[in-house]
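Notes for the one structure printed next.
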Amino acid sequence: MVSGVPVPNPPATLSHVDDAQRPQMVDVGDKPVTRRTAQARARVTFPAEVAQALRGSGHVTAKGAVFTVAHIAGVMGAKATSQLIPLCHPLALSRCDFDIRMEGDDALIDCTVSCAGTTGVEMEALTGASIAALTVYDMCKALSHDIVIGEIRLLKKTGGKSDYLENPA
């Protein structure tokens, strides 16, 4: 407190920059190996007539089985996260599961990733969900370009310094 006025908390230090503010990969070599999990969700919103056509076709377009191909692409994306995001560590994933389902005119894509490691898997879950959503768009774009990929978010994470559970507002 300065002169009776509360002093705001200093900004949190960023772990991916050094003292000179240059980007760096965080050194996780001294951290303990723990089981890490993360779940992320992406939402793909279809025009009503496209959602109806997908349901009527069993989620198959001229390009193939939409959700099956998106699942495979999502796994590939999660595994390639460190190649896509410069400061991410390469991780040996022990699990990468998808739940892709229709809810009204939306496809909800949940990606759950796990590993035993020294750093979290949030970025792998987010990347997996994102790549799966992009694949759904690609598989369906011949039906409409009015498909919207939105709301890609972390739902939960466990392991490491702190756990996180999305607050379902």
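Only this structure's heavy atoms are used, side chains among them; waters, hydrogens and symmetry mates stay out. On a predicted model such as this, the values are computed, not experimentally measured, just so you know.
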Listed by chain and number, what are the side-chain hydrogen bond (donor to acceptor under 3.5 Å, both in side chains) partners of Asp99, not counting sequence neighbours?
Arg101

Walk me through whether Leu134 and Ile149 qualify under side-chain contact (heavy atoms from CB on, under 4.5 Å).
CA-CA 8 Å; Leu134 288 166; Ile149 297 171; 3.7 Å; yes

Reported CD1-to-SG distance for the pair Ile152 and Cys111, which is rounded to 0.5 angstrom
11.5 Å

Quick one: name the residues clustered hydrophobically with Leu155, using the 4.5 Å side-chain heavy-atom rule over I, L, V, M, F, W, Y, and just say none if it's on its own.
none

Not counting sequence neighbours, which residues clear side chain to side chain contact (heavy atoms under 4.5 Å, CB included) with Lys156? List them please.
Gln39, Leu165

Return the CG to CZ distance between Asp110 and Arg41, rounded to the nearest 0.5 Å.
4.0 Å

Show me the pairs that pass ring-ring contact (aromatic ring centres under 6.0 Å, His included) and involve residues 90-115, at least two apart or across chains.
His71-Phe98

Any Ile109 side-chain heavy atom under 4.5 Å of Val44 side chain
yes

Report all side-chain donor-acceptor pairs from residues 77-88 shorter than 3.5 Å, counting only partners two or more places apart or in another chain.
| from | atom 1 | to | atom 2 | distance (Å) |
| --- | --- | --- | --- | --- |
| Thr81 | OG1 | Gly77 | O | 3.3 |
| Thr81 | OG1 | Ala78 | O | 2.9 |

Check whether any side-chain N or O of Asp163 sits under 3.5 Å from a backbone N or O of Gly159 as a donor-acceptor pair, and report yes or no.
yes

Co-members of Leu93 in a cluster of I, L, V, M, F, W and Y side chains, linked at under 4.5 Å
Leu91, Val113, Val121

Check whether Thr61 reaches the backbone of Met139 with its side chain - one donor and one acceptor, N or O, closer than 3.5 Å.
yes

Phe67: partners by ring pair (Phe, Tyr, Trp, His ring centres under 6.0 Å), with sequence neighbours left out
His59

For the student: nearest non-hydrogen atoms of Ala42 and Ala129, plus distance
CB-O, 3.6 Å

Among residues at least two apart in sequence or on other chains, which ones pass side-chain hydrogen bond (donor to acceptor under 3.5 Å, both in side chains) with Glu49?
none

Heavy-atom closest pair (Ala51 atom, Asp105 atom, distance to 0.1 Å) is CB-OD1, 3.5 Å

Determine whether a donor-acceptor pair (N or O, by modelled atom type, separation under 3.5 Å) exists between the side chain of Arg36 and the backbone of Thr118.
yes

Same hydrophobic cluster for Leu54 and Val60, using side-chain heavy-atom links shorter than 4.5 Å among ILVMFWY?
no

Under the side-chain contact (heavy atoms from CB on, under 4.5 Å) criterion, do Ser144 and Phe46 qualify, and how do the steps go?
CA-CA 8 Å; Ser144 174; Phe46 299 99; over 6 Å; no

Note: Lys141 and Asp138 closest approach over all heavy atoms is NZ-OD1, 3.0 Å

Using the test side chain to side chain contact (heavy atoms under 4.5 Å, CB included), find all partners of Ala73 that sit at least two apart in sequence or belong to another chain.
Ile131, Thr135

If the condition is side chain to side chain contact (heavy atoms under 4.5 Å, CB included), which residues does Ser114 pass it with, not counting sequence neighbours?
Arg35, Thr37, Ser94, Arg95

Ala116 to Val33 - nearest heavy-atom pair and separation
C-CG1, 3.9 Å

Per the ring-ring contact (aromatic ring centres under 6.0 Å, His included) rule, what does the pair list look like for residues 108-130, sequence neighbours excluded?
none

Partner set under side chain to side chain contact (heavy atoms under 4.5 Å, CB included) for Ile72, not counting sequence neighbours
Thr68, Met76

In Å and rounded to the nearest 0.5 Å, what is the CG to OG1 distance from Asp106 to Thr45?
3.5 Å

